[in-house]
Amino acid sequence: MSLTFHWFLPTNGDSRHVVGGGHGTPATATGRDRPPTVAYLTQIARAAEDLGFVGALTPTGAWCEDAWLTTAMVSQNTERLKFLVAFRPGFVSPTLAAQMASTFQRQTGGRLLLNVVTGGESHEQRAYGDFLDKDARYRRTGEFLQIVRQLWEGKTVDLHGEHLRVEDAKLARVPDPVPEVYFGGSSPIAGEVAARHVDVYLTWGEPPAQVAEKIAWIRSLAAREGRTLRFGIRLHVITRDTSEQAWAEANRLLDGFDAETVRAVQAGLARSESEGQQRMLALHGGGLPQALESARAGGTPTGLEIHPNLWAGIGLVRGGAGTALVGSHDEVAERIREYHALGIDEFVLSGYPHLEEAYWFGEGVLPRLAAQGLWRHPAGKQDAPAAQVPFAS
């Protein structure tokens, strides 16, 4: 089985520095360095498509452009790349969402994937008119996915649930193919929803031991439902020809962090209701002063390398995914193999800036994985140098 790699469309802006924000915190000023125009996002999408990424994740939230509209426009300038569209079930009716997905499939030739985001921040949800608490939002997500999946099967749906009610709901045309559903969540009720309704469970980039625990947890829940799921991981990446070059880049990004911005973002994220976000915060502990001192001395950021080549520095200024794989192409490939051995088959990656970093990974790491038989280009392209690239054992 070939590993699947997805890239990221930075609809909150891009930069040669980390663009912070998310999970209820505003985007940092660096998001204005490269505005998320359709032209620029298309550049990234075309690069990802050519390099061999299967899809591109597009986020959702008040801090970024709308994912549905943006990907619909970018899709018209690409040929094969799929779009992993993040959306929140509480903001649109399930029948309309099922219809939108069906239309997207027909107009793009089947290039939609759905990333269901229940929403971990009540204050942000309330801004959109959603006043349910967190557990209720997850129960509503379960009802939402139950309706949508039945509609995609061509059924007429009547449901009078705790939160959602539809009568005689049906689609004039079902999607072909049916979009796969991606989903993440670390709370007990999130695990129940995943086990019953989703195709791919996503985790943020925690150390392998913690990822293994999550996989075992979700597998056991899914087995009780008579289902099996695939697993993916969301990470940033900084990969270079040598380990020293990669860590120098991590240190450069870290050196660009403003201490006051870090404090403000960390204070905002500390209020997050998301268990996944709290797990991200626990990885770095807000350790900016020691990390900056080490970075300015040219060393590995102290306290932020939480597993070999796994760096928690991004999470100092960014909500959500806060860790990055940092190292030489061989080292990054080895860490990917390590996660794959746990059961991870899909990798959702990003890097700053997203255009250049896509090439670093696509030209540096993917050929090494191809040489090991772990990856092949989804368009069948034969990369001649791949077989010549030695892989560090």
Side-chain angles (χ1 to χ4, degrees), residues 1 3-6 22-23 57 84 86 88-89 113-121 132-146 148-149 162 180-236 269 272-285 306-310 312 315 319-325 335-349:
M1 179 181 178
L3 295 179
T4 298
F5 292 92
H6 306 281
H23 267 260
L57 173 65
L84 183 50
R88 303 190 186 192
L113 305 168
L114 287 177
N115 181 31
V116 176
V117 179
T118 297
E121 317 307 331
L132 295 181
D133 63 28
K134 179 183 171 183
D135 282 0
R137 290 197 296 269
Y138 273 108
R139 293 195 298 273
R140 180 181 59 195
T141 294
E143 293 177 4
F144 184 97
L145 290 174
Q146 179 182 345
V148 167
R149 285 202 173 279
E162 179 186 359
E180 290 193 303
V181 176
Y182 291 65
F183 175 92
S186 298
S187 63
I189 194 167
E192 295 174 12
V193 172
R196 292 172 185 161
H197 298 291
V198 311
D199 300 298
V200 180
Y201 177 83
L202 289 175
T203 179
W204 285 330
E206 298 178 355
Q210 295 179 26
V211 171
E213 291 176 357
K214 270 192 174 179
I215 290 175
W217 168 53
I218 295 296
R219 275 182 174 158
S220 66
L221 293 176
R224 295 177 199 169
E225 302 291 332
R227 305 182 69 239
T228 57
L229 278 63
R230 301 199 313 279
F231 294 91
I233 192 167
R234 172 76 179 94
L235 288 156
H236 304 275
L269 295 178
S272 174
E273 300 169 23
S274 166
E275 290 194 28
Q277 181 61 70
Q278 295 307 317
R279 290 167 70 102
M280 283 284 103
L281 292 178
L283 295 178
H284 60 69
I306 55 176
H307 181 78
N309 307 110
L310 183 63
T323 54
L325 295 179
R335 294 287 78 74
I336 287 171
R337 282 165 36 111
E338 183 177 9
Y339 280 115
H340 176 50
L342 302 177
I344 298 291
D345 294 321
E346 302 203 20
F347 294 80
V348 184
L349 306 175

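In what follows, residues are counted from 1 in the order of the sequence shown. Note that the structure is predicted; figures quoted are calculated from it, not measured.
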Close side-chain approach of [X] and [Y], heavy atoms under 4.5 Å:
X: Leu310; Y: Tyr339; value: yes
X: Gln277; Y: Leu269; value: yes
X: His307; Y: Thr323; value: no
X: Glu346; Y: Tyr182; value: yes
X: Trp204; Y: Met280; value: yes

Minimum heavy-atom separation for [X] and [Y], please, with both atom names.
X: Leu342; Y: Pro208; result: CD1-O, 3.3 Å
X: Ala86; Y: Val117; result: CB-CG2, 4.0 Å
X: Ala195; Y: Ala222; result: CB-N, 3.6 Å

Taking only residues two or more places apart in sequence, or in another chain, which ones meet [X] in a salt bridge (charged side-chain N to carboxylate O under 4.0 Å, His left out)?
X: Arg196; answer: Glu225
X: Glu338; answer: Arg335
X: Glu192; answer: none
X: Glu275; answer: none

Donor-acceptor under 3.5 Å (Arg230 side chain, Val200 main chain):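 Side chain of Arg230 to backbone of Val200, a donor-acceptor pair under 3.5 Å: no, none is there.
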
Donor-acceptor contact below 3.5 Å, side chain Asn309 vs main chain Leu325: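 Such a contact is absent between Asn309 side chain and Leu325 backbone.
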
Rounded to the nearest 0.5 Å, what's the gap from CG on Leu114 to CG on Leu145? Could you check? 9.0 Å

Name the one of [options] that satisfies side-chain contact (heavy atoms from CB on, under 4.5 Å) with [X]?
X: Ile344; options: Leu3, Ile233, Thr4; value: Ile233
X: Gln210; options: Thr203, Ile215, Leu283, Ile306; value: Leu283
X: Phe183; options: Leu202, Thr141, Asn115; value: Thr141

Do the ring planes of Phe347 and Phe5 sit parallel (below 30°), tilted (30 to 60°) or perpendicular (above 60°)?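 Parallel: the ring planes of Phe347 and Phe5 meet at under 30°.
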
Partner set under ring pair (Phe, Tyr, Trp, His ring centres under 6.0 Å) for Phe144, not counting sequence neighbours: Phe87

Does Glu162 form a salt bridge (charged side-chain N to carboxylate O under 4.0 Å, His left out) with Arg139? I'd like the steps, not just the answer. CA-CA 8 Å; Glu162 179 186 359; Arg139 293 195 298 273; 3.0 Å; yes

Filter on salt bridge (charged side-chain N to carboxylate O under 4.0 Å, His left out), then keep only pairs touching residues 209-222, sequence neighbours left out; what's left? Glu206-Lys214

